[in-house]
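Notes to accompany the following structure.
Below, read A as the first sequence line, B as the second, and so on, with proteins coming before strands; counting in each chain starts at 1. As the structure is a prediction and not an experimental result, all values here were calculated from the model.
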2 protein chains.
Amino acid sequence: MLSKKTKYGIKALTYLARQEQNVPVSIATISEMENISLKFLESILLTLRKSGLLGSKKGKGGGYYLLKDPNDIKMTTVMRVLEGPIAMVPCVSLNYYEKCEDCPNEAECAVHLLMIRVRDSNLKIYRETSLADLAKY
Amino acid sequence: MLSKKTKYGIKALTYLARQEQNVPVSIATISEMENISLKFLESILLTLRKSGLLGSKKGKGGGYYLLKDPNDIKMTTVMRVLEGPIAMVPCVSLNYYEKCEDCPNEAECAVHLLMIRVRDSNLKIYRETSLADLAKY
DNA sequence: TTTAATCCTATGGATTTAGTAGGGTATTAT
DNA sequence: ATAATACCCTACTAAATCCATAGGATTAAA
């Protein structure tokens, strides 16, 4: 299951990508428009800012804004920041590989084999999908 | 992340599929060969039996065995039984559809759009992969 | 009748999730 | 300057899920 954190994070990013101009949007605005708990959203946007996807401006008229063109924000990045590794098991993770304790031979492991296929296909989708693609609709 | 339940379940099914003859194999045997906690495996095999994938034989010389040819056991079935719905959000689930409370319009929802793509590609993989495919290696 | 196996229920610790609460700090418009 | 606005940070919690264990009941073969 996708966590609400990720779900809300994607919604917020899309909302920002849909703005005509890239001016700061307040948390409160996004919270209202996308029906997301304000405080929870606050923590999510903080994560996104720390990851380098968003910039922020304090004070009156402040808020969050995208740091890059939506076409250049791939969903691989977004998913990794919000949801964590894309692989469903550590033994097929590209960035966070870990050997399974119980598994003597990865080459013969059915789970390993299956999950490599799943990882590759998901990776393909996330790589081919940008924030701009999702914001279009 | 894939749950251990699913991971162990797939391993157990593969172990059974790799047997020369389809005779009952005890929980203890599978547990040892695949390094899975016996009691946990027990509950998993019970689930698989209740779902109709496995048959069981009680008493001495008893154990679990596949009810169908491994070629006819698709991973869609296995994943749904062990891990639950394949969709990452209920609003794109074929079998367990649920509308999102917060989302006024699915057609414009970025999460919805993205997760449909993910669902479709995963579904394709699970449909095209049988237990026999995984047991080959 | 003994032994070996599944069947079933319950329980508990650990971890994660999805928030909530409350205050602190920085910036900007006026 | 100062009030208003918005970001920043920490801590807490209720609920759910995950992983596993325990113990007994039931069944069937030798």
Considering every strand and a 4.0 Å limit on heavy-atom distances, what is the contact class for B/Lys7: base, sugar-phosphate, or nothing?
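Contact class for B/Lys7: none.
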Can you tell me if B/Met1 has over 12 outside heavy atoms packed within less than 6.0 Å of its CE?
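Count over threshold, so yes.
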Please list, one pair per line, the donor and acceptor atoms closer than 3.5 Å that link side chains of residues 47-57 of chain A to other protein atoms, with sequence neighbours excluded.
unit_1: A/Thr47; atom_1: OG1; unit_2: A/Ser43; atom_2: O; d: 3.0
unit_1: A/Ser51; atom_1: OG; unit_2: A/Leu48; atom_2: O; d: 2.8

Value in whole Å for how far the P atom of C/dT20 lies from CD1 of A/Ile44
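Going from CD1 in A/Ile44 over to P in C/dT20 covers 12 Å.
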Rounded distance (Å) that lies between atom P of D/dA6 and atom CG of A/Leu54:
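So the CG-P distance, A/Leu54 to D/dA6, works out to 17 Å.
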Between B/Met79 and B/Leu2, is any pair of side-chain heavy atoms under 4.5 Å apart?
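Yes, their side chains come closer than 4.5 Å.
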Of all heavy-atom pairs between B/Leu134 and B/Thr14, which one has the smallest distance, and what is that distance?
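That would be O-CG2, 4.1 Å.
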Verify the cluster assignment for B/Ile27 and B/Ile10: are they in a single hydrophobic cluster under the rule of side-chain heavy atoms below 4.5 Å apart?
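Hydrophobic grouping puts B/Ile27 with B/Ile10.
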Please output the side-chain donor-acceptor pairs of residues 60-69 of chain B that fall under 3.5 Å, not counting sequence neighbours, one pair per line with the distance.
unit_1: B/Asp69; atom_1: OD1; unit_2: B/Asn71; atom_2: N; d: 2.7
unit_1: B/Asp69; atom_1: OD1; unit_2: B/Asn71; atom_2: ND2; d: 3.0

Please list every donor-acceptor pair under 3.5 Å in which a side-chain atom of residues 100-110 of chain B meets a protein atom from a residue at least two apart or in another chain.
unit_1: B/Asp102; atom_1: OD1; unit_2: A/Lys7; atom_2: NZ; d: 3.1
unit_1: B/Asp102; atom_1: OD2; unit_2: A/Lys11; atom_2: NZ; d: 2.9
unit_1: B/Asn105; atom_1: OD1; unit_2: B/Ala107; atom_2: N; d: 3.0
unit_1: B/Glu106; atom_1: OE2; unit_2: B/Tyr97; atom_2: OH; d: 2.5

A/Tyr96: which other cluster members, linking ILVMFWY side chains closer than 4.5 Å, directly or transitively?
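A/Tyr96 clusters with nothing; isolated.
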Is there any protein nitrogen or oxygen under 3.5 Å from a nitrogen or oxygen in nucleotides 15-21 of chain D, and what are the pairs?
unit_1: D/dC19; atom_1: OP1; unit_2: B/Lys4; atom_2: N; d: 3.1
unit_1: D/dC19; atom_1: OP2; unit_2: B/Lys4; atom_2: N; d: 3.1
unit_1: D/dT21; atom_1: OP2; unit_2: B/Ser37; atom_2: OG; d: 2.9

Report each atom pair, protein N/O against N/O of nucleotides 4-6 of chain C, whose distance is under 3.5 angstrom.
unit_1: C/dA5; atom_1: O4'; unit_2: B/Gly59; atom_2: O; d: 3.4
unit_1: C/dT6; atom_1: OP1; unit_2: B/Ile27; atom_2: N; d: 2.6

